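What follows is a set of notes on a single structure, which appears directly below.
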Amino acid sequence: MKTSFLEAFTAPLKEPRGIGKLLFGGFLMILSSILMLNWGEFFKLGKDYEYIFSILFLIGLFIQFIPLGYCVKSAHECIQDEFLIMPEWSNIGEYLARGIISAIILFIYAIPFFILAFLGGILIVTLGVNPLLIYLLLFFVSCLEVMIVSTVLMFYFKDMKFTDAFRLVAIFKVFCRNVKTIFLIFLHLFCLALFSFVLTLASAITIIGILLIPSISLLSTIASFYIIAKEGRDILWNENMWGVNEEKEE
């Protein structure tokens with residue numbers, strides 16, 4: 001591992017206008033939450049206004065995908081050039097489309113966990129299985145899934161092609177051959193999540209800190225993708241899955 005979670009967390013702050021870009025992304029996340037609130041119910045407005053707030057809800061929902069697409073674009077720049085590049089916020093349409101596609105990929109890979117959680121709930125209710133065993137199983141599965149999804153994102157970040165995220169044979173081979181490194185990536189992602197959680201709790205003490213929580217969340221996502229992209233570049237290169245060598249592998 002060349003990249004520690006602390007290095008990844010501070011890297012966006014060192015980018016040109018990095019803090020301003022994080023604040024703008026946080027603003028978008030706050031705006032999205034505001035638009036998705038049911039203000040009609042809050043102000044006791046009648047049904048005549050329902051369609052307006054339905055439109056606002058949809059706008060807010062789509063805005064949520066923009067920061068995710070921005071993070072993916074940043075990871076793409078990172079895996080191409082070996083260091084973090086936070087793009088400008090000028091290509092909102094591109095980030096929206098990329099965010100929707102990325103969310104679909106993440107959702108598809110999360111389906112097995114949802115199924116296991118559902119089956120675990122049935123076992124607890126109908127057969128009286130010890131919930132602790134189910135929780136431990138789900139925890140193990142979630143850790144394994146993070147490792148697998150990290151490998152998937154390496155492929156996806158490289159060229160940002162939807163189909164690359166489902167090259168299952170190649171992904172499985174890379175995962176098995178580099179499981180130790182991918183496990184280290186998982187540990188750093190876990191430490192990064194804990195660090196971000198503690199920082200979020202500390203920020204929630206003041207009103208200004210609460211307003212900064214979305215920006216901290218965005219920073220954490222960019223840092224997570226930075227770790228995956230930077231380590232993934234070396235893994236894919238060593239596996240001959242870069243450029244002309246990739247064609248030979250396939």
Side-chain angles (χ1 to χ4, degrees), residues 3 8-9 11-12 15 18 21-22 24-33 35-36 58-81 84-114 142-168 170-172 174-175 182 185-186 188-190 192-193 196 214-233 235-236 241:
T3 312
F9 191 84
E15 281 279 299
K21 294 173 183 178
L22 290 171
F24 182 78
F27 165 75
L28 289 179
M29 297 168 73
I30 294 174
L31 177 62
S32 172
S33 299
L35 293 176
M36 292 177 69
L58 291 176
I59 294 175
L61 180 63
F62 279 111
I63 291 177
Q64 276 195 340
F65 293 110
I66 296 175
L68 176 59
Y70 180 85
C71 294
V72 170
K73 179 65 174 180
S74 176
H76 171 68
E77 299 290 349
C78 175
I79 203 171
Q80 291 290 331
D81 297 316
L84 181 64
I85 298 176
M86 291 178 63
E88 300 294 335
W89 281 99
S90 54
N91 298 319
I92 296 294
E94 177 187 351
Y95 303 148
L96 172 60
R98 188 59 54 192
I100 293 175
I101 294 172
S102 303
I104 292 173
I105 293 172
L106 294 175
F107 175 77
I108 291 174
Y109 277 98
I111 290 177
F113 178 82
F114 294 148
S142 64
C143 293
L144 180 61
E145 183 159 340
V146 170
M147 293 173 63
I148 293 174
V149 170
S150 296
T151 312
V152 170
L153 290 178
M154 295 174 190
F155 281 79
Y156 178 57
F157 289 160
K158 180 176 174 290
D159 296 312
M160 292 200 298
K161 294 180 180 179
F162 181 82
T163 54
D164 283 349
F166 299 96
R167 293 172 55 192
L168 300 182
I171 290 170
F172 179 76
V174 169
F175 179 82
I182 294 171
I185 293 174
F186 164 76
H188 281 271
L189 293 177
F190 183 76
L192 178 61
S196 300
S215 295
I216 295 174
S217 175
L218 180 65
L219 171 59
S220 179
T221 303
I222 291 176
S224 298
F225 286 0
Y226 174 63
I227 293 174
I228 295 172
K230 194 168 183 181
E231 298 301 321
R233 177 184 174 89
I235 290 176
L236 294 182
M241 292 188 176

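Just so it is clear, the structure is predicted and the values come from calculations on it, not from any experiment.
Classified by interplanar angle (parallel below 30°, tilted 30° to 60°, perpendicular above 60°), the ring pair Trp89/Tyr95 is perpendicular.
Going from atom CG of Leu61 over to atom CD1 of Ile100 covers 8.5 Å, rounded to the nearest 0.5 Å. Here Glu231 contributes atom CD and Ile79 contributes atom CD1; the two are 10.5 Å apart, rounded to the nearest 0.5 Å. Rounded to the nearest 0.5 Å, atoms CD1 (Ile235) and CE (Met154) are 3.5 Å apart. Separating the CZ atom in Phe175 from the CG atom in Leu144 is a distance of 5.5 Å, to the nearest 0.5 Å.
Taking the ring centroids of Phe162 and Phe166, they lie under the 6.0 Å cut-off.
Checked by atom type and distance alone, the side chain of Ser224 pairs as donor or acceptor with a backbone atom of Ser220 at under 3.5 Å. A donor-acceptor pair is defined here as one N or O able to donate and one able to accept, closer than 3.5 Å; such a pair exists between the side chain of Ser215 and the backbone of Leu22. With hydrogens and angles ignored, the 3.5 Å screen pairs no side-chain donor or acceptor of Ser32 with any backbone N or O of Leu28.
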Hey, can you pull the donor-acceptor pairs under 3.5 Å for the side chains in residues 63-75, sequence neighbours left out?
from: Tyr70; atom 1: OH; to: Pro87; atom 2: O; distance (Å): 2.6
from: Ser74; atom 1: OG; to: Ile85; atom 2: O; distance (Å): 3.2

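For Thr151 against Met147, the heavy-atom pair with the smallest separation is OG1-O, 3.0 Å.
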Exercise for review: Test side-chain contact (heavy atoms from CB on, under 4.5 Å) on Lys161 and Ile101 and set out the steps.
Suggested key: CA-CA 9 Å; Lys161 294 180 180 179; Ile101 294 172; over 6 Å; no
